[in-house]
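Structure, as structure tokens:
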Amino acid sequence: MKLGIKLSNRLLSLALKELVLSVLPSGWKVYEGDDVPRDVDVLVVDYPVLSAGRVSAFKGAKVLVLDTGLSVAEKRGCFLLHGVKGVVQRDAALSLLIKALDRVHKGELWIDQETLKELVTVSRNGRMAPKGVTPRERDVLFLVCKGYTNKEIASELGISLSTVKSILGNLYRKFNVSGRSMLQATVTRGQLLSL
């Protein structure tokens, strides 16, 4: 099994590699930084790396985000827009990190208790997003939030411009908004809670 570590801070990335090497079960190979091969099983990143889109080259990897001070909205975005499999708190015990790596590797989601409490608390007090957003709609939503034009979205996803417009229409209806800027605002203000 292959584990990749790509953090925005190289020193932290190297330190995390040494730390997990000291406790991971045998059979795991750990790579860091530019040495991470594209076929890793699990990829540990921080939010700057994730939001910059630098994980897209690791197509089959299950992504685990190291929480370095994320807001609740950013944590939701990790799961909903970026498709990560887990978030680990910055002050988590090493045993929890190893448990998270194991669970994510098995294809399960990892949400520690503190993150779960934050998300549930906000869900009770915030606006719930509609259910039933498809994976393709999620792809389009992610690119809209990154500022892509319809033409750029079509090119990036390999779909027609009319398909992009149709998907956007579906998203507007599902989120009860009247246009692109309202959709972006709903998502980026942290009102997107559950898809």
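Owing to the predicted nature of the structure, the values given are computational and were not obtained by experimental measurement.
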Exercise for review: Give the cluster check for Val42 versus Leu94: same hydrophobic cluster or not, with ILVMFWY residues linked at side-chain heavy-atom distances below 4.5 Å.
Suggested key: yes
Practice item. Decide if atom NZ of Lys6 counts as having more than 12 heavy atoms of other residues, nucleotides or ligands within a radius under 6.0 Å. Key: yes
Review point. Should Ile98 and Val84 be regarded as members of a common hydrophobic cluster, given that ILVMFWY residues are connected when their side-chain heavy atoms come within less than 4.5 Å of each other, either directly or indirectly?
Key: no
Practice item. In sequence, state the C-alpha distance, the side-chain angles, and the governing distance for Ile5 and Val20, and then conclude on side-chain contact (heavy atoms from CB on, under 4.5 Å). Key: CA-CA 10 Å; Ile5 300 171; Val20 296; 4.1 Å; yes
Check your understanding: Does a sphere of radius 6.0 Å around CG in Asp34 hold more than 12 heavy atoms from other residues, nucleotides or ligands, not counting ones at 6.0 Å or beyond?
Key -> no
Exercise for review: Look at the side-chain heavy atoms of Ile, Leu, Val, Met, Phe, Trp and Tyr, link any pair under 4.5 Å apart, and say whether Leu43 and Val104 land in one connected group.
Suggested key: no
Exercise for review: Output the distance between atom OG (Ser162) and atom CG (Asn150), rounded to the nearest 0.5 Å.
Suggested key: 11.0 Å
Practice item. Using the side-chain contact (heavy atoms from CB on, under 4.5 Å) rule, take Leu183 and Leu141 through it: C-alpha gap first, then chi angles, then the decisive distance, then the call. Key: CA-CA 8 Å; Leu183 181 63; Leu141 182 60; 3.8 Å; yes
Exercise for review: Could you verify whether a donor N or O on one side chain and an acceptor N or O on the other, from Thr163 and Ser166, lie under 3.5 Å apart?
Suggested key: no
Point to revise | Any pair counted as ring-ring contact (aromatic ring centres under 6.0 Å, His included), so long as it reaches residues 7-40, sequence neighbours left out | key: Trp28-His105
Review point. Where the side chain of Ser51 meets the backbone of Tyr47, is there a donor-acceptor pair that is under 3.5 Å apart?
Key: yes
Review point. If you take all heavy atoms of Gln184 and Val144, which pair is closest and at what distance?
Key: NE2-O, 2.7 Å
Review point. If you round to the nearest 0.5 Å, how far is OG of Ser13 from CD of Glu32?
Key: 3.5 Å
Review point. If you look at every heavy atom in Lys2 and Pro37, which pair is closest and at what distance?
Key: CD-CG, 4.4 Å
Review point. What is the distance from atom CG of Leu66 to atom OG of Ser8, rounded to the nearest 0.5 Å?
Key: 9.5 Å
Practice item. Using the side-chain contact (heavy atoms from CB on, under 4.5 Å) rule, take Leu101 and Leu24 through it: C-alpha gap first, then chi angles, then the decisive distance, then the call. Key: CA-CA 9 Å; Leu101 289 170; Leu24 272 177; 4.2 Å; yes
Practice item. Look at the side-chain heavy atoms of Ile, Leu, Val, Met, Phe, Trp and Tyr, link any pair under 4.5 Å apart, and say whether Leu97 and Leu109 land in one connected group. Key: no
Review point. Which pairs count as salt bridge (charged side-chain N to carboxylate O under 4.0 Å, His left out) when at least one residue sits in residues 147-167, sequence neighbours excluded?
Key: none
Check your understanding: Closest heavy-atom contact between Leu64 and Val87?
Key -> CD1-N, 3.9 Å
Check your understanding: Any donor-acceptor pair under 3.5 Å linking the side chain of Asp67 with the backbone of Val88?
Key -> no
Study note, to complete from the structure: Interatomic distance, OG1@Thr134 vs CG@Asn170, rounded to 0.5 Å, equals 8.0 Å
Check your understanding: Looking at Arg136 and Asp139, does any basic side-chain N land under 4.0 Å from a carboxylate oxygen?
Key -> yes
Practice item. With the side chain counted from C-beta on, respond yes when Val40 and Leu3 share a heavy-atom pair under 4.5 Å apart, and no when they do not. Key: no
Review point. What's the shortest heavy-atom distance between Gly4 and Val36, and which atoms?
Key: CA-CG1, 3.8 Å
Revision key, fill the gap. One should read off an interatomic distance between Ile159 CD1 and Ile153 CD1, to the nearest 0.5 angstrom, of 8.0 Å
Check your understanding: Nearest 0.5 Å, what's the CG-CG distance between Leu7 and Leu50?
Key -> 11.5 Å
Review point. Going through the checks in order, is the side-chain contact (heavy atoms from CB on, under 4.5 Å) test met by Trp110 and Leu96?
Key: CA-CA 10 Å; Trp110 176 265; Leu96 279 180; 4.0 Å; yes
Check your understanding: Do Leu12 and Val63 share a hydrophobic cluster (ILVMFWY, side-chain heavy atoms under 4.5 Å, transitive)?
Key -> no
